[in-house]
Each structure stands twice: as structure tokens, then as C-alpha cells.
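So you know, we letter chains A, B, ... as the sequences are listed, proteins then strands, and number each from 1.
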Amino acid sequence: MSPEEKQSVVNCRQLVKRFGDLCAVNGISFNVPKGICFGILGPNGAGKTTTLRMLLGQSPRSGGALEVFGEDIDSARKRIRQRTGIVPQADNLDPDFTVAENLSMYGSYFRLDHQTVQKRIPELLSMVELLARADDRIGTLSGGMKRRLTLARALINDPDLLVLDEPTTGLDPQARHMIWSLVHKLKRDGRTILLTTHYMEEAERLCDELIIVDSGRLIAQGSPNALIAEHCESDVLEIRGLTHELDQKGLAQNFRWELSGDSAYLYSDDSHALLEYAASHNEATALHRKTGLEDVFLRLTGRGLRG
Amino acid sequence: MKRYRPPRLRLEALAVWRRNALVWRRLMAASLLLHFGEPLLYLLGIGYGLGRFVGEIDGMAYFTFLASGFIAWSAMNVASMESMWSVYTRMVPQQTYEAILATPAEVDDIVMGELLWCGTKSLVSGSAILAVAALLGAVHDWTALLAIPVIFLTGLCFAAPGLIVTAYARAYEYFNFYMTLFMTPMFILCGVFYPISTLPGPMQTVVQFLPLTHAVAIIRPLVVGAPVENFWLHLGALVLFGTICAWVAAILVRRRLIQ
Ligand SMILES: Nc1ncnc2c1ncn2[C@@H]1O[C@H](COP(=O)(O)OP(=O)(O)O)[C@@H](O)[C@H]1O
Ligand SMILES: [Mg+2]
């Protein structure tokens, strides 16, 4: 193991998870250095949650080696969990308790002492802007509030590693921005963050480094910018709502192109050429933009991330 | 292998126990009303009403006979309900265990915490009936206080098979099978309403294999102040049944929660 890998918070090699015949995670390896926000980007069913569950010892792995905080998850699960906070994909706040009680209850599972927990509760609640709701029942909270409370709950043990499974899926844009700014703050505090998402915008904004997974396989790895530079041209023209077959031969001569759903994507480093093409084919809605992770995914898999 | 080892009791189990206790405390008034009110009605209605015709059974008033049987039955019933309906609610719709398993607590802590909690609920309900029976003059000796730990044990003993059923359950309806095939026969056959000596010969042997028989056989004499015959045999039967079921429950709940 290289010294760099020793510094890493999570280090896994050739992780495999089988459910009967289905291979949900198929030989994924990655390394999460301390203090960064690391993303696992992939469509639904790619194996993101399964990967996280193995990392946290919530699900036994079918193969591969795995270390968290430099320790083996099988022998040091308790120590690892003590230093980790988890925001699961589906909210599982305790409906029998109030907002504040949810936090104190959770602290008791870590066997934190009562005073520490009682001191942290108002701090955490004010951080996620739920102090005014401290005595309300969970059922009265909106989806965004529940997510924020789940985030606060994951911080009750002051974790060094924070794991977020699709933290903003199903939230409205405002609630999503609030989660994003919280994640930024937590990273500034020096915590290592591991998150999964199927929103490229989220991955591009938050992640210093990420892996892209599809059908249980790792298909690309790097920083968002490096991935885009490595796999894509600088610009893309997205033509939506195709009403007729594009002149595929003509296209192929000038640009690299992909088809996904009812959209065509034309790639080039020459934005003028793309804009000229758009001007001369004004029958469909054309959108010119810089390339992003969506285009990387499309290039590597031949289909859109949401599809 | 780890998956098959017996469950371990750790301090985290108390956190799970405490969670349930705190929820219960909030609904305590309603819960106690149920625990006191229901047996009071049964005892008054059946015990006094039927007692007038029955007179004495096994050298005690029918009212006393029935009250002591009800204590054991209630311990079984409360622990079974809690370990099936309530545990399923926490396991499936509420995903409480999923949340707990993201902390240093383990499946064993959930299993042990829930068992202890079911035993505690049995303790409360069984003791409530004991208190009602004492107020109505059906308790004859201070040895009745010794019935309290036996009530707790009976609760543990029936919580464990309840957890086994829950580990398999895919819906609340699954519990009806267990209720009909196991609990109702015990309610009727194991000496709650009449002495098992009145059952036909072969049935008397069969009921020796049902745990409620042994709970009744210890609790009843303690309530009346009579010596407990074959105490160690009955206690051993309860402990053995409870231990085996708890072990199997731990294996099955691990399998259900850790995939
Ligand atoms: N407990 C399970 N049993 C069987 N299959 C599962 C189980 N959990 C997940 N899967 C399957 O594994 C694949 C990956 O799922 P998941 O990790 O949840 O994907 P993602 O989180 O990326 O959406 C899916 O095909 C899913 O159906
Ligand atoms: Mg998922």
C-alpha cells in the first residue's frame, strides 16, 4: 500500500456484491483521501447504495478488500461507526419522537454522555435551521426539513467521515441549495464527505473527486474537470425534441454526436461551428452549453444518466 | 460462524430498550388503563359469574384459579403482541432498525433490547393483574411477589418465538397464523381456565410441550401460597424454550436485517 493510500479515509479494492445471480457491485476500487468531498455518480440501480452499505459494514461484501480509517471493517466496525455519520437514502427518522428527541435518542445508540448530547442538540438544530421546530413531531416536517434533521442526526457523534446517500433526491431547488451549502460548510470544518448522487450538477458543484458507476462497474474516475477534459470536447449542442431523423452522415463528418431519448448531442471544441449549425437547423430546440459530467456519462455508456 | 453464534448482551441493548420505554411512557395512561381495565372486566365477569357455578377447583376459589391463570396468559399475550406487531412496525414501515444499525449498535443489541422490552411489558401487565387480583382478595400469600420475576421470564420466553415469526413476516397478516396455530390453543389448553388434569390422557402429555403450561404451573401456586410442585422442571422447561428460541431469533433477525 502506498503512503498516499495510508492517508486515505476509505480505501477499497475490487469490491464485489452479489445478490443471488445479480452482481450489484462488480469489482469497484477507489480511494477517498482525508478532507475531500468524494462522489459516487451513477444512475438508479448502479450499485451506489450497495457500495455504501458495504463500506459501513451494514452489508457483508461478496469479495474485495476494504479499509476505513486504515482499519478493516470486519474487525473494527464499532470503532469505524463511532467516527462515521450516515444520511441514508430514505429518511428513517423516529416518528415516535420530536425533532430534538430524535437527536438525543440517536446519541444514546452511540452511548454518548447525556451532557455532550444536550449541548450539541441546539448547536446542530440551529445549523440546519430547525431550532424553532425542536419540540415538533417528525410528521409535521416537510421533506427538506426531514433531510436537514437527518443530516443533523448524522452529526450527533461529531463524525470524521460523513456519508450521504442521494442527499437531495426529491427535494425542491431551494431545499437542495440549503443541503449543498451545509455540505460545503461541513467540508470546511475538515470532515471527509462521501456522497452518492445521480445529479451531475450536484456532483460538479460538490465533489473534488468522483467515480462514475454503471451496472455495478466503475467506468471513470477523477475530478469533475479532469473527467470532462479527458472524455469530452469543450462544447456541446443539445438538440431536443427531434421531429425527424438527423442527417447522420452529414453530422458525423463535422461533429462527434450521440443520441439519447429524443435528443441529439453534437460535440466540438469549436463553439462557433456548433452555433452555426444551430442557426442553419432552426426547426428543433437547440441548446448550446459547455460539456459536463452528463456528457462524460453519455460518451462512456451511450445513454443519459437519468435514463 | 458469526451468523450462528448466540446473541450477546451489550449495553447498547439498553438504549434500544430505553427507546421503547420512552415511547411507552408517553402513552402510559392509555396502556395502563388497558392493563388494569381489561383483566378487571374479565375477572369480574368470568371469575365471579362463572365462579358461582364452579365453586372450588384444586382447593381454591375459581376466581383465584382464573386470576392466576390470567397472569401467565397476559404475560404471554403482551410479549407476543409486542414482539410481532410492534417489532414489525419498527422493522419495516418505520425503518427504525435501519437507522439504529448505522450507529455502533448491532443486530444483537436490537434483538436483546426488544426481548428485554417485551419482558418488561409482560411484567407490567402481569403485575397489574396480580394487583387487581390482590385487591379483590384472590391473593393469599406474600409468595405472590415471587411470581413477578416469573412473569418477566414468561414474557422473555414468548417474545423470542414472536421475533422468529417477525423475522419471516412480510405483512402483519402473517401473525394471524401464529396466533391461531400456537397462541389460541395454549390459551385454551394450558390450564388457564381449568386444570390440565381434566384433559383426556394423551392431551395431558401434549400440553407438557407447550410453554404456557409451565408458566401457569409456577405462577398459580405462588399466587395462592401453595408449594410449587416440580419447580425446577417447569422453570427449566421455560428457560430452555426461551433460550433456544432467542438463539434462533437472533440468527433469523440477523439474516433479515443484514443483506
Ligand atoms: N437486498 C437486496 N436484494 C436483492 N437485490 C438488491 C438488494 N439491494 C439492492 N439490490 C439490487 O442491486 C442493484 C443496485 O442497487 P442499489 O445499490 O440500491 O443502486 P443505487 O443505489 O445506485 O440506485 C439493483 O439492481 C437492486 O435491485
Ligand atoms: Mg441508492
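- Contacts of A/Phe19 with chain B are made by side-chain atoms alone, with heavy-atom separations under 4.5 Å and no backbone atom involved.
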Problem set entry | Derivation and outcome, side chain to side chain contact (heavy atoms under 4.5 Å, CB included), residues B/Asp109 and A/Tyr109 | CA-CA 10 Å; B/Asp109 303 318; A/Tyr109 301 135; over 6 Å; no
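- Between B/Gln259 and A/Ser59 the shortest side-chain heavy-atom distance does not fall below 4.5 Å.
- With contacts defined as side-chain heavy-atom distances shorter than 4.5 Å, the pair A/Arg81/B/Thr103 does not qualify.
- Contact annotation for B/Leu257: only backbone heavy atoms (N, CA, C, O) come within less than 4.5 Å of a heavy atom of chain A.
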### Query
Step by step, would you call B/Tyr97 with A/Asn92 a side chain to side chain contact (heavy atoms under 4.5 Å, CB included)?
CA-CA 9 Å; B/Tyr97 301 150; A/Asn92 54 20; over 6 Å; no
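- For CH2 of A/Trp180, the number of neighbouring non-hydrogen atoms (other residues, nucleotides, ligands) closer than 6.0 Å is greater than 12.
- In this structure, chain A has a heavy atom under 4.5 Å from the side chain of B/Arg10, while its backbone stays farther away.
- Between A/Phe97 and B/Arg19, the closest side-chain pair of non-hydrogen atoms falls below 4.5 Å.
- Contact check on B/Glu106 versus A/Lys78 returns no salt bridge, with no Lys/Arg side-chain nitrogen under 4.0 Å from an Asp/Glu carboxylate oxygen.
- Closest approach of A/Met105 to B/Ala15, counting heavy atoms only: CE-O, 4.1 Å.
- In terms of non-hydrogen atom pairs under 4.5 Å with chain B, the most contact-rich of A/Gly57, A/Pro88, A/Ala154, A/Pro60 is A/Pro60.
- With a 6.0 Å radius and a threshold of 12 heavy atoms from other residues, nucleotides or ligands, B/Tyr42 has its OH atom at or below the threshold.
- Summarising the geometry, atom CG belonging to B/Leu22 is positioned 8.5 Å from atom OG belonging to A/Ser108; distances are rounded to the nearest 0.5 Å.
- Looking at A/Tyr106, its side chain does come within 3.5 Å of a backbone N or O of B/Ala99 through a donor-acceptor pair.
- Only the side chain of A/Ile86 comes within contact range of chain B, with at least one heavy atom under 4.5 Å from a heavy atom of that chain.
- Per-residue counts of heavy-atom pairs under 4.5 Å with chain B were compared for A/Arg77, A/Arg111, A/Arg153; the largest is that of A/Arg111.
- Other residues, nucleotides and ligands contribute over 12 non-hydrogen atoms within 6.0 Å of the CZ atom of B/Arg256.
- Under the 3.5 Å distance criterion, the side-chain polar atoms of B/Arg26 are matched with a main-chain donor or acceptor of A/Asp96.
- Residue-environment remark: OH (B/Tyr172) exceeds the threshold of 12 foreign heavy atoms within 6.0 Å.
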**Report entry** Test log, rule side chain to side chain contact (heavy atoms under 4.5 Å, CB included), inputs A/Gln58 and B/Ile258
**Finding:** CA-CA 6 Å; A/Gln58 290 172 305; B/Ile258 305 282; 5.8 Å; no
